[in-house]
Every structure is written in C-alpha cells, then in structure tokens.
Amino acid sequence: MRLKLSQDYRRVFDAKCKLVTAFFVVYMASNQLEVARLGVIASKRCIRLATKRNQVRRLCREHFRVCSQQLRGYDWVIIARSVLANQNKLEQHRQLKKLLYLIEVKWLNQ
RNA sequence: UAAGCUGACUAGGCAGUCGCUGUGAUGUGUUUAUCAUAGAGGAAAGUCCGGGCUCCAUAGGAUGCAGUGCCAGAUAACGUCUGGGCGGUUAAAGCUGACGGAAAGUGCCACAGAAAAUAUACCGCCUAUGCACAUAGUAUAGGUAAGGGUGAAAUGGUGUGGUAAGAGCGCACCGCACUUGUGGCAACAUAGGUGGCAUGGCAAACCCCACUGGGAGCAAGACCAAAUAGAGGCUGAUGUUUCUUUUAAACAACCUGUGAUCCGCAGGCAGCCGGGUAGGUCGCUUGAGGUGUAUGGAGACAUACAUCCCAGAUGAAUGACUGUCCAUGACAGAACCCGGCUUAUCGGUCAGCUUACCAA
C-alpha cells in the first residue's frame, strides 16, 4: 500500500529508526495494521530528469511488493540519493536487493 | 539503380503471470473485496508567442513603454500557416529573408586615403605668363577629375563623339528619378515619354510612420471544515463648514485600488512587520475534440452529414518477471486546456519531385 498522508510521513520520520547506505536512506516505524505501507521519495534536486525519477520510484515499489509479507506491520519511507541516478538498471536492481537484505539483518531478525 | 530535396506516418511486436490509478457493476455494510474496462508524447520538454477559462468592482483619455513591419488570404488569435511579389543561393528539385521610411531631423562611418559627405585635389593632365637660346625644368595664375594610389564603400556604368586637357558637355545602350498607359484586389511587373544625375552606407544607432497590447495567473478561483484571532506592534488618520456636544454629512487635502506617469473613475480606513495554516470537495477534462465521406477553394482552411468518447493523478498511477521473434529499441513522463514556434532524438515506412546513368 502507498503511504499518502503528510502526518504519516511525519510519524515515520519522528520514530528515528533509520538505515543509511551509499544509495538509499530508509526510515521505519511500526503501524497497527496487518499490511506494510511504503512511501518513496525521489526529489527533483537529487534526480533531475523526470523519467529517471519515475524509473527509480517504480523499481523501489516493485522490490518492496515482492517482499511485502516479511515487511508487514510497519511503515517504510525510502529516500533515493543522487548517486543512484547515474547507475544502470542492473546495478540499481543489485543495490535494492542488498538493501532489503540489510533491512532483514538489522531489524526483522530481532 | 544511385544521389539529393520536400511532405506525411511510425516510435519494438506477440503470449503468459503478479501488481498500480481512475471509472462502472456486484457483494459486504462504511471502506474494503471480486469482475469488467480505460490508462503518457511527437516532442508530454523549453516557457518563446497567441487564445480560451478565472479573478482583480471597468479596461476611458493623454504621454510613455513593449511588440509587429513587402502584398493578399486563413484563423478564436498569433511573432503561426497558405499563396503571391522582390532580393539572395543551388546544376536542378528546392532552400532562404529584421523585406516600411535615409530629398522630417540628430548622429556614426576604425585603419588607410587628398577627400567618408557643407565636399575636395596628393601624385597627375592641360593652358597662359615670367625666368630660360630652346626642348626639358622651375615659379605664379587658371582649367580639369580621364589615369594612379587608399578603402568594406569614392559622387552613375560601358562605348563613342568632343576637347588645350577633360567633363552627361553631346549621343547610344544599361541604371536612376519623374510621368503616362497596360496587366494585377495588391505587393509588383511591363511598354512609351521626359529629365540629364540630383538621392554614398548604417534605422540589429536614436528616430519617424502604420498597426496591436489593462494586470495577474489553476498555488487562478469557488465552497465546506478546523484553528489562531475579529489578537499584538509600528506608520499615517489633517483642515474648514453645519450642529450645544458626540455621532453624522459636505468640501478640500490624505491614503488605497486601477502594478509606468498624469487626468479621470471607485473606495474610507489603509499599509507594513511578525506568527500560523495550505485538510477535503469542485475547478478537472465533451473539446476552436477525433475519424470517415461529400462539397467549395490553387492552398492554408471552411461547410454539411454520419460516427466515436479517447489519462485525470495530487508524498503524485503505465511497472516487474518469463518465453519468443527481429532491425536489439533513441530522445524522453501529462499536472487547467488548446493553436504554434524552438530544442533533443537510434531507427523504420510511404508518397511526390529533381539530376545522373542504363534499357526501350
């Protein structure tokens, strides 16, 4: 599901549960729901061309959809950093997989 | 067949699985399931023009400012498009144009050159007179602008007559100006006559002439709900008259709006600082709409009839994976909507035209 409301975003940021890599910044906060909700931020300042911005957003959403069973019960916000735009598609895929693995190790196993 | 030019179209296809957004239907009953269906571009981009739409209680006049600038037409409108004229360019098809005015005025024209615009005379050419035996030379006075040299540009060009040497001084042709006729809606073209050369270039220098332009933009704007708050600070709220006074009214001034200035018009509290918010619904997609046929037109386009409904998000929907085929997929993502222009772009298809070669 998509994270839509402004107040939800603020709640996630205020939870201060974050993970930083070279390509992404991920915030997490628990919600009292049965599903996982995701918001992707790809700002115009980081990724200039609209096509690339859309591409990154879709990739993120797709990867989280695949893993949505493990991630349920939490709200997630992914911020894409400007380095990501210069990578090709294959590299972006690899980085996303790596990110998901890191998330699993850090939070879900606890 | 090859090379080139012009115009139009297209922008990986097919099958399967999972998912996203809108709409409709059904169920459940209050926000979710299931099914069906639709879902980015030729430039969606740059925001460079024009228009619709909305608001600013009006848009009226003068000046200014900005834009446009051969002619005719198309259009809602345009700086766009079509056709034509003229200039430039190409072997041709074609391409291309800041294409009104320099005898209204002001200004500028580096270097070189005598002289860059009131003209003038450096080297020259020629005549007369003096010096000199004389040619030559030199000095003075005068006549010239043919030749040389400079420059991006030199005061009509070429030829011929003419002359002391020369000169539109005369003549022929070309150019130019004026004028008359013819063709054309017009730009303009063309034929005749007259003049005897006047008007160097730059208007992408100011300027003049003609025409056009009120401003701001969908975060426009309308409604609903909540919250601060009809809160705080600062600035200006004047004078005269009427009235016993307050209030109120009139006139002048002042302030605000009419985003350049003045007049005019409207209003009487207005402006600034600082703080907070921007949640929902509408606007929001049926439109100068698309497609087809017919008619009119040289064309841009117009008219009539038939038919179709074709994105509408808002922390922002089009994706991922698998198989397969080929040429191995460029530039690139709607955000109120249209008409253009400009820029980016791997390719592919079709039509017309030109030239060259070959064959008949």
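Below, read A as the first sequence line, B as the second, and so on, with proteins coming before strands; counting in each chain starts at 1. All heavy atoms count here, side chains included; hydrogens, waters and symmetry mates do not.
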Applying the 3.5 Å cut-off to both distances, the Watson-Crick or G-U partner of B/U190 turns out to be B/G181
Would you measure the distance from the P atom in B/A219 across to the matching atom in B/C310 and give it in whole Å? 26 Å
B/U135 versus B/A145 - spacing of their P atoms, nearest Å: 29 Å
Return no unless some side-chain N or O of A/Arg58 is found under 4.0 Å from OP1 or OP2 of B/U318. yes
Determine the Euclidean distance between corresponding P atoms of B/G271 and B/G257; express it in Å to zero decimal places. 7 Å
Tell me whether B/U285 sits syn or anti, counting syn as a glycosidic angle within 90° of 0. syn
d(NZ, A/Lys52; P, B/A330) in whole Å: 12 Å
Using a 90° cut-off around 0 for syn, call B/G42 syn or anti. syn
In the structure shown, which nucleotide is the Watson-Crick or G-U wobble counterpart of B/U17, with both distances under 3.5 Å? B/A320
Rounded to the nearest angstrom, tell me the gap between atom CZ in A/Arg53 and atom P in B/A44. 19 Å
A/Arg53 vs A/Arg57, side chain to side chain contact (heavy atoms under 4.5 Å, CB included): CA-CA, chis, key distance, verdict: CA-CA 6 Å; A/Arg53 230 178 302 135; A/Arg57 215 176 334 215; 4.2 Å; yes
Any strand: nucleotide that pairs with B/G73 via Watson-Crick or wobble, under 3.5 Å: B/C81
Once you apply the 3.5 Å cut-off to both distances, tell me the Watson-Crick or G-U wobble partner of B/U26, or none. B/A33
Measuring only the C1' atom in each nucleotide, how far is B/U212 from B/U240? A whole number of Å is fine. 50 Å
Suppose you measure atom C1' in B/G312 against the same atom in B/A38; what distance do you get, rounded to whole Å? 12 Å
Whole-Å distance between B/A320 C1' and A/Arg57 CZ? 17 Å
Nearest-Å distance, CD (A/Glu62) to P (B/U322)? 12 Å
Since syn is defined as within 90° of 0, does B/A40 count as syn or as anti? syn
Who pairs with B/U293 - Watson-Crick or G-U, where each distance is under 3.5 Å: B/A304
Side chain to side chain, A/Ile79 and A/Tyr27, heavy atoms closer than 4.5 Å: yes
Can you check the distance between B/C209 and B/A344, where both ends of the measurement are the P atom (answer in whole Å)? 42 Å
Is the base of B/G287 syn or anti, where syn means the angle lies within 90° of 0? anti
Give none if B/C171 has no partner; otherwise give the nucleotide forming a Watson-Crick or G-U wobble pair with it, both distances under 3.5 Å. B/G159
Only pairs with both distances under 3.5 Å count, Watson-Crick or wobble alike; so what is the partner of B/G275 in this structure? none
For nucleotides B/C255 and B/U238, find the distance between their P atoms and express it as a whole number of Å. 14 Å
Check this one for me: any side-chain N or O of A/Thr51 less than 4.0 Å away from OP1 or OP2 of B/G333? yes
Under a 90° cut-off about 0 for the syn range, is B/C326 syn or anti? anti
When the C1' atoms of B/G51 and B/A311 are considered, how many whole Å apart are they? 24 Å
To the nearest angstrom, the CG-C1' distance between A/Leu59 and B/C321 comes to 12 Å
Looking at CG of A/Leu59 and CG of A/Asn54, how far apart are the two atoms once the value is rounded to the nearest 0.5 Å? 11.0 Å
Output the rounded distance in Å from CG (A/Asn54) to P (B/G333). 9 Å
Pair partner, B/G257 [Watson-Crick or wobble, under 3.5 Å]: B/C265
